[in-house]
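What follows is a single structure, written as structure tokens, with notes after it.
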Amino acid sequence: QVQLVESGGGLVQPGGSLRLSCIASGFDFRFYSMNWYRQALGKQRELVAAMAPYGSSKKYADFVEGRFTISIDNAKNTVYLQMNSLKPEDTAVYYCNSRGGLWGQGTQVTVSS
């Protein structure tokens, strides 16, 4: 079954860190771009970070400002999003995306004191 499954969200204080994971199954994710999006309540879904096929390049949204890192573990078919120095405005549901229209179920990240 072709699917993406995210995990790792939770409640964290401002300035804290989280690492999100996205396990890809049913396809060889090395051949596709792997992306992280987020959607805050009442807002449109927006791109957070993207990795080109084979991890050849990465790009980040301007609001990341060097705080997040996207990475892959080919042996585990997993894409990560390491998020540091989290801010309340980072609160959102984070989604893994690939192959155009393939989405995970999302994982909630809440940054609050």
Side-chain angles (χ1 to χ4, degrees):
Q1 183 178 2
V2 175
Q3 64 178 358
L4 300 170
V5 179
E6 304 99 331
S7 62
L11 173 64
V12 63
Q13 291 187 342
S17 297
L18 283 173
R19 188 178 77 161
L20 306 183
S21 300
C22 170
I23 300 176
S25 58
F27 68 103
D28 190 338
F29 78 143
R30 295 173 297 174
F31 297 134
Y32 300 91
S33 294
M34 298 297 296
N35 313 306
W36 285 99
Y37 282 77
R38 72 183 187 184
Q39 187 167 19
L41 196 62
K43 296 187 177 182
Q44 290 189 332
R45 194 170 295 188
E46 59 184 353
L47 181 67
V48 177
M51 178 174 286
Y54 295 98
S56 57
S57 65
K58 306 175 186 180
K59 68 176 181 181
Y60 299 93
D62 289 343
F63 59 76
V64 169
E65 299 175 324
R67 300 178 296 127
F68 299 174
T69 302
I70 187 170
S71 62
I72 57 174
D73 185 331
N74 290 320
K76 296 182 178 180
N77 290 346
T78 301
V79 179
Y80 301 101
L81 185 68
Q82 176 68 44
M83 304 187 296
N84 300 325
S85 302
L86 283 162
K87 306 175 182 179
E89 51 264 43
D90 294 318
T91 295
V93 179
Y94 284 71
Y95 297 91
C96 186
N97 163 261
S98 186
R99 301 179 57 165
L102 182 62
W103 296 90
Q105 82 287 356
T107 185
Q108 176 70 47
V109 172
T110 303
V111 185
S112 175
S113 56

If a pair satisfies salt bridge (Lys or Arg N to Asp or Glu O under 4.0 Å) and one of its residues is in residues 95-109, list it, with sequence neighbours excluded.
none
Sort and list the pairs that fulfil salt bridge (Lys or Arg N to Asp or Glu O under 4.0 Å) and have at least one residue in residues 28-37, not counting sequence neighbours.
Asp28-Arg30
Might you work through the side-chain contact (heavy atoms from CB on, under 4.5 Å) test for Leu20 and Met83, ending with a clear yes or no?
CA-CA 8 Å; Leu20 306 183; Met83 304 187 296; 3.8 Å; yes
Sequence neighbours left out, what pairs pass side chain to side chain donor-acceptor pair (under 3.5 Å) with at least one residue falling in residues 71-82?
Gln82-Asn84
For Ala50 and Asn35, work out which heavy atoms get closest and say how close.
CB-OD1, 3.2 Å
Distance from Ser25 atom OG to Gln3 atom CD, nearest 0.5 Å?
4.0 Å
Does Tyr94 belong to the same Ile/Leu/Val/Met/Phe/Trp/Tyr cluster as Leu41, with side-chain heavy atoms less than 4.5 Å apart forming each link?
no
Any heavy-atom pair between the side chains of Gln105 and Glu6 that's under 4.5 Å?
yes
Quick one: side-chain contact (heavy atoms from CB on, under 4.5 Å) partners of Ser112, sequence neighbours excluded?
Leu11, Thr110
Within the 4.5 Å heavy-atom criterion, are Thr69 and Leu81 side-chain neighbours or not?
no
ring-ring contact (aromatic ring centres under 6.0 Å, His included) filter on Tyr37, not counting sequence neighbours, yields Trp103
Minimum side-chain heavy-atom gap Asn97-Leu102 below 4.5 Å:
no
Under the side-chain hydrogen bond (donor to acceptor under 3.5 Å, both in side chains) test, which residues partner Arg67, sequence neighbours left out?
Asp90
For residues 67-113, which residue pairs qualify under disulfide (SG to SG under 2.5 Å), counting only residues two or more places apart or in two chains?
Cys22-Cys96
Below 4.5 Å, heavy atoms only, C-beta onward: do Met34 and Leu4 meet side chain to side chain?
yes
Could you pull out all residues at least two apart from Ser7 that satisfy side-chain hydrogen bond (donor to acceptor under 3.5 Å, both in side chains)?
none
Tyr95, Leu86: one ILVMFWY side-chain cluster at the under-4.5 Å cut-off?
no
Might you point out which heavy atoms bring Pro14 and Ser113 nearest each other, and give the distance in Å?
CD-N, 3.7 Å
For Trp36 and Met51, run side-chain contact (heavy atoms from CB on, under 4.5 Å): C-alpha distance rounded to whole Å, both residues' side-chain angles, the deciding distance at 0.1 Å, then the answer.
CA-CA 9 Å; Trp36 285 99; Met51 178 174 286; over 6 Å; no
I need the full list of salt bridge (Lys or Arg N to Asp or Glu O under 4.0 Å) pairs touching residues 42-52, with sequence neighbours left out, sorted by first then second residue.
Arg38-Glu46
side-chain contact (heavy atoms from CB on, under 4.5 Å) assessment of Leu18 paired with Val109:
CA-CA 9 Å; Leu18 283 173; Val109 172; 3.9 Å; yes
ring-ring contact (aromatic ring centres under 6.0 Å, His included): which pairs involve residues 5-29, sequence neighbours left out?
Phe27-Tyr32
Other ILVMFWY residues reachable from Ile23 by side-chain steps of under 4.5 Å:
none
Tell me which donor-acceptor pairs under 3.5 Å the side chains of residues 59-66 have, and how far apart each pair is, sequence neighbours excluded?
unit_1: Tyr60; atom_1: OH; unit_2: Ile70; atom_2: N; d: 3.0
unit_1: Glu65; atom_1: OE1; unit_2: Lys87; atom_2: NZ; d: 2.9

Indicate yes or no: at least one non-hydrogen side-chain atom of Ser33 is less than 4.5 angstrom from one of Ser98.
no
